[in-house]
J.: 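Please read through the structure below; I'll follow up with questions.
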Amino acid sequence: MSNAFGKGHHLHLIDGSAFIFRAFHALPPLTRKSDGLPIGAVAGFSNMLWKYVQDAKGADAPTHVAVIFDHSAKTFRNDIFADYKANRPPLPEELKPQFPLTRDATRAFNIACIEIESYEADDIIATLACQAREAGGRATIISSDKDLMQLVGDGVTMLDPIKNKEIGPEEVEEKFGVGPDRVVDIQALAGDSVDNVPGAPGIGIKTAALLINEYGDLENLLANADQIKQPKRRQTLIDFADQIRVSKRLVQLDCDTPLDFSLDSLEIADPDPEALLGFLTEMEFRTLSNRVAEKFGAEAPAIPDKPAASSTDIAAGPDWPPVDTANYQTVTTEAELDTWIASIAGFGAVAIDTETTGLNEMTADLVGISLCTGAGMACYIPLAHVSGGGDLFDSGARLDGQLALDLVLAKLKPILEDTAILKVGHNIKYDWKMLARHGIRMAPIEDTMLMSYAMGSDLFSHGMDGLSERVLGHKPMPIKDLIGSGRSQITFDQVPLDKATPYAGEDAEVTWRLWQTLRPQLSPTAVTTAYETLERPMVPVLADMEMAGIKVDQEHLSRMSNVFAQRMAALEDEIHGLAGAKFNVGSPKQLGEILFDQMGLQGGKQGKTGAYSTSADVLEDLAAEGHDLPARVLDWRQISKLKSTYTDALQTHVNADSGRVHTSYAIAGAQTGRLASTEPNLQNIPIRTEEGRRIREAFIATPGHKLVSLDYSQIELRVLAHVADIPALKEAFREGIDIHAMTASQMFGVPVEGMDPMIRRQAKAINFGVIYGISGFGLSRNLRIPRAEAQAFIDTYFERFPEIRAYMDQTIANAKRDGFVRTIFGRRIPTPGINSSGPQAGGARRAAINAPIQGAAADIIRRAMIRMPDAIAGLPAKMLLQVHDELVFEVEDGATDRLIDKARTVMESAAEPAVQLSVPLVVDAGIGNSWAEAH
DNA sequence: CTAATCACG
DNA sequence: GACGTACGTGATTAGC
């Protein structure tokens, strides 16, 4: 088919830019392993081209093909209208270096690659489509861009590559309400916010279609605009006629782009396997090169699956062999240990992992330590292994041949505390605490879990096994293989050494490799500062807080449990009486059946499971209608919750040695940068009800001490005022005005003095709603007011504080562009699902709006906590707890005022010097013998 | 092991 | 124009 393009020929025109952006947003931020070059969009683009090449054979196969790109942002349309496409967000940094590579990819596939200065891809596509048509052939535009739809018809069709659906004249008419030949008229009228085509204000596609169908075309419409019946519409068309004509010139695609090649040069040709595989190998696309090689019957190119040496003194080794767990040394002599110590000192860094008898660092015992200084260079130092269960007589006896724990720790201590030697761990807080219990305070440290967290990838969890599998392509042996699970589970000290050494050594080596791999990626993802100032320094601070624990009055809890038990029994009797039957009050299923089936109360089925909802909301509504049973169930549930989750459970967490409760904080637990508290969770101790607040009386200071609580006042609203730059809000915070009253005053025009508490409550709900990405529905439910009323509140709010809207729009745009948002301190927070459609999209948007606010507040208190130990070093005081915006200290009786003074200063200036907030931070303080008194 | 519920900021 | 609906957590219990 080498004759000139004409009848029987079929030209495919691929919208290259659309492919690139789709690839960029569809894929996680992949980087080339050898040098960290961002490569995700190129990878996706190449995959799409490969798929295209595979599919483009068959009945309706193209004879000619080209991929068309935009050359640069500035085009001749900017001469027509300076602001054309002016509100496009800037290109993501990671994407920029990928543009030239997508051209290389196109050429590697042996497909014509076309771009022309000062013309858009759309112009070139239009011109080529025209030429194909005039030559008597056909053209298919592979794109879903609505701007190209005007070209459809008469031998030209479009193909939506996502839905794999053809777009013909019918589909165009469905979208625009007119045929392809009038699409530009519609676009000229309706404008386009994405491309910043102004159009006519207040006229959308629907109205435009109505008008064009009535008047035939745009010129006729404008000429007869004075006959339009609707006065506003008439005036708009008369006033904005010029702007509409300019808009038409912006959207109109002509067939006169100067081309220096002919259609014939676009004739399809098979790719040259060598060139294609060369390109894919250079990009290090393993899967795709294998596929391509298989197709061509060529040998799959070798792509090293190891990262290259990073810019560090410590050689990573250019060619890591696969992890080999068979040859790790079991260190059992002093000489061996000394050799390792000398080697670590020489390397200047060591990956370390501790093996223990349990998951709780406060109660587990140290069993052994593994170390790694490079690929294949790992050892395990057993310290407290015992003989296994196999031998009844010997079981539980300490195994011979192990070095003494005290000796090993004494020898390791200088290395582990040497400021010139890095200690690398995965979740190193655990190991830090294990060693701190033996008097070793490791420094300096690195934590690969926190590196992964700081990078803010939503691709995988930050646990070592998952991270290793995905980052290193290596699946570590599961701990279950050694200790089993369930009833027959043993502790690590019972694991025989020939199994313990490979396992423990592997953990250290994987940690080492993760460190070598992740650390060079901190900088390209611009999270080095976040990692170094917000994550890593938290480790020793939290470890100290967790080890300190808080004193709990166990008898107080026990007494409360007894009281609660009696009240629950009484309530159960009453409930059974009201129901006329005995049932498990704690079973939502049984309760639902009693309420809605037996008693016939109103309240529909909910959710996928078809079960009735018996949530507090539902029960409260029923109680308000005067039903006693749901009211009693609500009482029962409150007591039951307090008993089972707090008064009972807390007692079991009192440490036998310290008599205190030691929580554990997850640094990488929450997406937003907040901490999470577990075992027990001390961040959700009741306070909102009088009943629950009494549980806080059980958290007490040790004799001669007080508990001091300092909490940030309205920190999230202050952060919002700063990041969204809302003058009215900032002013109020600077003046120290009641912020909710101010909001109410602004919205409802009432004076702050003598304000109705009801009005203030509504304003408060709106203020919080804004932080969460408010909706009329949500607010109406929260305030129990009609939806329309709630929506009116929100409208007024946005009118009074227009900056909020701008902030929200900007944040969502950033999230869509990058797949993450950042706090003002540089923390990166992933926004998964932000580019999805469907019901989850709304949730993703609200999360994206909330993340920089909640995250910045989390950053601020982290910064305060990190500085706190030094700031209060001279005082007889310990920091014990963090509850998101509150810090709790235990302080000697005479030092409370000095502590408050120091701690408050640190907290109120915590944002500085990184960020100079435009609102003051205010910290309230309280002192008491119990947490209830102090808060 | 998941869903429902409810405790906190 | 419809559709679903406040953000972030952890612990407990029921029930498959």
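Just so it is clear, the structure is predicted and the values come from calculations on it, not from any experiment. Residue numbering restarts at 1 for every chain, and letters A, B, ... go by the order of the sequence lines.
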J.: Give a yes or no on whether a salt bridge exists between A:Asp573 and A:Arg632, defined as a side-chain N under 4.0 angstrom from a carboxylate O.
T.: no
J.: What is the distance, to the nearest angstrom, from the CD1 atom on A:Ile861 to the C1' atom on B:dG9?
T.: 10 Å
J.: I need the CZ-P distance between A:Arg637 and B:dA4, as an integer number of Å.
T.: 13 Å
J.: Is the phosphate of C:dA6 approached by A:Arg781 (side-chain N or O, under 4.0 Å from OP1 or OP2)?
T.: yes
J.: Is A:Ala765 touching bases, backbone alone, or none of the nucleic acid, heavy atoms closer than 4.0 Å?
T.: base
J.: Nearest-Å distance, CZ (A:Phe564) to P (B:dC6)?
T.: 16 Å
J.: May I have the distance from A:Leu783 (atom CG) to C:dT5 (atom P), rounded to whole angstrom?
T.: 19 Å
J.: Would you kindly give the CG-to-C1' distance between A:Leu717 and B:dG9, to the nearest whole Å?
T.: 13 Å
J.: Scan A:Arg787 against the nucleic acid and name what it touches under 4.0 Å (heavy atoms): base, sugar-phosphate only, or nothing.
T.: base
J.: Is the shortest side-chain N to carboxylate O distance from A:Glu620 to A:Arg781 below 4.0 Å?
T.: no
J.: Just to confirm, is there a sub-4.0 Å distance from OP1 or OP2 of C:dT5 to any side-chain nitrogen or oxygen of A:Arg846?
T.: no
J.: Looking at the side chain of A:Ala670, which of B:dC8, B:dC6, C:dG8 is the nearest nucleotide?
T.: C:dG8
J.: Please state the P separation for the pair C:dT5 and B:dA4 - nearest whole angstrom.
T.: 13 Å
J.: Once you apply a heavy-atom cut-off of 4.0 Å, does A:Ala858 come out as touching a base, just sugar-phosphate, or nothing?
T.: nothing
J.: Identify, with sequence neighbours excluded, every residue that meets side-chain hydrogen bond (donor to acceptor under 3.5 Å, both in side chains) alongside A:Ser488.
T.: none
J.: Where along nucleotides 10-16 of chain C does protein come under 4.0 Å, by heavy atom, of base (B) or sugar-phosphate alone (S), with - for untouched nucleotides?
T.: BBSSSSS
J.: Using atom CG of A:Leu720 as one end and atom C1' of C:dA6 as the other, report the distance to the nearest whole Å.
T.: 14 Å
J.: Please report, rounded to the nearest Å, how far the C1' atom of B:dC6 is from the CH2 atom of A:Trp636.
T.: 12 Å
J.: Taking CD from A:Gln683 and C1' from B:dC8, how many angstroms apart are they, rounded to a whole number?
T.: 8 Å
J.: What nucleic acid atoms does A:Ser775 come within less than 4.0 Å of, heavy atoms only: base, sugar-phosphate, or nothing?
T.: base
J.: Has the side chain of A:Arg688 got a donor or acceptor atom sitting under 3.5 Å from an opposite partner on the base of B:dG9?
T.: yes
J.: Would you indicate what A:Ile771 reaches in the nucleic acid, counting non-hydrogen atoms under 4.0 angstrom: base, sugar-phosphate, or nothing?
T.: nothing
J.: Is it true that A:Glu890 and A:Lys551 have a side-chain N and a carboxylate O under 4.0 angstrom from each other?
T.: no
J.: How would you list, by chain and number, every residue that makes a side-chain hydrogen bond (donor to acceptor under 3.5 Å, both in side chains) with A:Arg567, sequence neighbours excluded?
T.: A:Glu691
J.: Applying side-chain contact (heavy atoms from CB on, under 4.5 Å), can you list everything that pairs with A:Val883, at least two apart in sequence or on another chain?
T.: A:Gln683, A:Glu886, A:Trp931
J.: Which part of the nucleic acid, if any, lies within contact of A:Ile687, taking any heavy atom under 4.0 Å across all strands shown: a base, the sugar-phosphate backbone alone, or nothing?
T.: sugar-phosphate
J.: Starting at the 5' end of DNA chain C, write a dot or bracket for each base, bracketing those in Watson-Crick or G-U wobble pairs whose two distances are under 3.5 Å and using | for partners on another strand.
T.: ......|||||||||.
J.: Any N or O donor-acceptor pair under 3.5 Å from the base of C:dT5 to the side chain of A:Arg845?
T.: no
J.: Are side-chain heavy atoms of A:Leu359 and A:Glu679 found at a separation under 4.5 Å?
T.: no
J.: Could you tell me if the side chain of A:Asn681 sits less than 4.5 Å from the side chain of A:Thr663, heavy atoms only?
T.: no
J.: Under 4.0 Å from OP1 or OP2 of C:dG8: is there any side-chain N or O of A:Arg674 that close?
T.: no
J.: Under 30°, 30 to 60°, or over 60°: which ring-plane class applies to A:Tyr453 and A:His462, parallel, tilted or perpendicular?
T.: perpendicular
J.: Considering only NZ, NE, NH1 and NH2 on the basic side and carboxylate oxygens on the acidic side, decide whether A:Asp859 and A:Arg822 come within less than 4.0 Å.
T.: no
J.: Considering only the P atoms, how many Å lie between C:dA6 and B:dT5, rounded to the nearest integer?
T.: 15 Å
J.: Under 3.5 Å, is there any donor-acceptor pair linking the side chain of A:Gln854 to the base of C:dC7?
T.: yes
J.: Output all residues satisfying side-chain contact (heavy atoms from CB on, under 4.5 Å) with A:Ala744, sequence neighbours left out; order by chain, then residue number.
T.: A:Phe748, A:Met755, A:Ile759, A:Ala763
